[in-house]
Protein chains: 2
Amino acid sequence: MTNEVKESFTSDAPPAPAALAAKVRTLAPSMTRSMQRVAEAVAGDPAGCAALTVTGLAELTGTSEATVVRTARLLGYPGYRDLRLALAGLAAQQQSGRAPAVTADIAVDDPVADVVAKLAYDEQQTLADTAAGLDTVQLGAAVTALATARRVDIYGVGASGLVAQDLAQKLLRIGLIAHAHSDPHLAVTNAVQLRSGDVAIAITHSGSTGDVIEPLRVAFDHGATTVAITGRPDGPVTQYADHVLTTSTARESELRPAAMSSRTSQLLVVDCLFTCVTQRTYETAAPALAASYEALAHRHSPRTR
Amino acid sequence: MTNEVKESFTSDAPPAPAALAAKVRTLAPSMTRSMQRVAEAVAGDPAGCAALTVTGLAELTGTSEATVVRTARLLGYPGYRDLRLALAGLAAQQQSGRAPAVTADIAVDDPVADVVAKLAYDEQQTLADTAAGLDTVQLGAAVTALATARRVDIYGVGASGLVAQDLAQKLLRIGLIAHAHSDPHLAVTNAVQLRSGDVAIAITHSGSTGDVIEPLRVAFDHGATTVAITGRPDGPVTQYADHVLTTSTARESELRPAAMSSRTSQLLVVDCLFTCVTQRTYETAAPALAASYEALAHRHSPRTR
DNA sequence: CACCCGCCCGAAAGTATCTTTCAGGTGTGA
DNA sequence: TCACACCTGAAAGATACTTTCGGGCGGGTG
């Protein structure tokens, strides 16, 4: 997928974009010795030269400022200043060009910067996968149930427990009665209270976490609308789920536990649920959101700057 | 060859590469009106601005040269000259890169599928911004502190509280003694126990959440190594932080609360911390991870009915 | 071989651009 | 209302870039 610019490099074109190395080679024969040294340095290390001032580059190449400027002119720029800008652009381009190392697995001896890049890339990938795999019909159905729910109970343990709490926090903000349960016993005890018109949501990556399935089953048996957010749409949990929202499952490794990407995926689903419910109940949700925002403002110290 | 005195006027921030748009958003709140105008112009049209001189950009934004230089400084560059170079690089990058893929804000009447796509895209963007803006030196320092920590306390309230818990859960899994505090009183009471060799981490998007700053201050005063994960690197919280990890700030709107993207950003930072610490303490972390994984396996019901 | 001519080359003067200083103005809190 | 802090731009000051100009090197010629 290369899209090349059609700047002719032979004629007196406006500032050249990235075909600089080629231009240097083309024009080299018509250059004097000193100018060739400058051109060579520029073509060899664009990034390094971009950091240098005229004087710096002159010293580096053992020439004078005048020669540097002359070279810049010959290459088609109005002066050194513009050559330098082009150089910076070129450097940035070939900098971003080499980044395929990202796809590799995270190694024990990866430098910090690589870890950051790889993790970010992975989570981006997870998001894309999740969005692509999310069934909007199921999502819409879940949203409808939530929008009219009398009460919402959310079950999740471990890492999924945090996602459950996140969803509960959000739903509370728009005026819904939502509660997240991490304690399996309490969850079941509460599930008994649910009835038709209520919503129960189970969040489990494996789809087979008994502590989460059990309360969902109880809620299901009591007539509540049940939703499962899971990475295993064929897992046991879906038996008791009216609507199933599938999260993506990324490859994992020792330094990249499954909990990481499953959490990312679950959160996206949760955000989608929340946003859609907010849309659906906008009349009541908007003021509630504004109010909660306002209430929080006072918890921040006024000294901002 | 060049002997330049290194003026470290703030602390971190070597010239930023391409995380400029993100940086502008992050620092916008701490900018004055005029500087915001300049920053906006720069972020909006990097290529155009790269072609302008100080005077030109000052005229374009209706400000003065001094303000332009001040803005460049705030963005982390030694002066306008360097900002301009970075701008040229950025322009070249997004020229060769893909289309800007502008995303409209989420509307009240967007269909479900659109909401999913927009949210996914937004969170991906947030991840990219965060990764680009993350100071790997600060991150490395924080990792070093964590890897040798006797004890780790993590403070966070509200949405950030969940992130704090996530980090605590993860660190516990690799054998560290970590605890997340959501209760400000208990947090302070515990912070008193910290001393040199311990690590305290405060997570707050606004950077000015008193409930989180206070325990960090106490920990700081008692000699613990302190880390702040915040979207406002100039906020009050950083006063008591030995290391600051900056999360990105995405634009927000009514249907896209700040809590959403800040959480995504914070989680990436947390994942980076965790992964790097795991690397650093691989000898002890790997068996611990394996053990916790093993322990959880029994909580799943492989036998489906 | 010596001389002349052209042209490359760098030092230094000249100019544009960037940076700093400083005083006026504006909004904010008491 | 006043005082204060802080933003803001004009102008001076510093730096980086460009131009000029004369020396010097090489090649061709007598």
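Below, read A as the first sequence line, B as the second, and so on, with proteins coming before strands; counting in each chain starts at 1.
Listed by first and then second residue, the salt bridge (Lys or Arg N to Asp or Glu O under 4.0 Å) pairs that reach into residues 214-231 of chain B are B:E214-B:R217, B:R217-B:D221, sequence neighbours excluded.
Contact annotation: A:T67 side-chain N/O to C:dG10 OP1/OP2 distance is under 4.0 Å. The side chain of B:T32 contributes no N or O atom lying less than 4.0 Å from OP1 or OP2 of D:dC7.
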Under 3.5 Å, which donor-acceptor pairs do the side chains of residues 41-54 of chain B form with other protein atoms, sequence neighbours left out?
| residue | atom | partner | partner atom | Å |
| --- | --- | --- | --- | --- |
| B:D45 | OD1 | B:G48 | N | 2.9 |
| B:T53 | OG1 | B:T55 | N | 3.1 |
| B:T53 | OG1 | B:G56 | N | 3.3 |

Just the table, please: protein N/O against nucleotides 15-21 of chain D N/O, every pair under 3.5 Å.
| residue | atom | partner | partner atom | Å |
| --- | --- | --- | --- | --- |
| D:dC17 | OP1 | A:R84 | NH1 | 2.9 |
| D:dC17 | OP2 | A:T53 | OG1 | 2.4 |
| D:dC17 | OP2 | A:V54 | N | 2.6 |
| D:dT18 | OP1 | A:Y80 | N | 3.3 |
| D:dT18 | OP2 | A:Y80 | N | 2.7 |
| D:dT19 | OP2 | A:R73 | NH1 | 2.7 |
| D:dT19 | OP2 | A:R73 | NH2 | 2.3 |

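A salt bridge does not link B:R70 to B:E65: none of the charged nitrogens lies less than 4.0 Å from a carboxylate oxygen.
As judged by a 4.0 angstrom heavy-atom cut-off over every strand, B:G56 is placed among residues making no nucleic acid contact.
Following rounding to the nearest Å, A:R33 (CZ) and C:dG10 (P) show an atom-to-atom distance of 10 Å. C:dT19 atom P lies 14 Å from atom OH of B:Y77, rounded to whole Å. When rounded to the nearest whole Å, the span between CG of B:L57 and C1' of C:dT19 equals 15 Å.
B:T209 and B:S206 share a side-chain donor-acceptor pair at under 3.5 Å. Of the N and O atoms on the side chains of B:T61 and B:T63, at least one donor lies less than 3.5 Å from an acceptor on the other residue.
Between atom CE of residue B:M260 and atom CG of residue A:D166 there is a gap of 8.5 Å, rounded to the nearest 0.5 Å.
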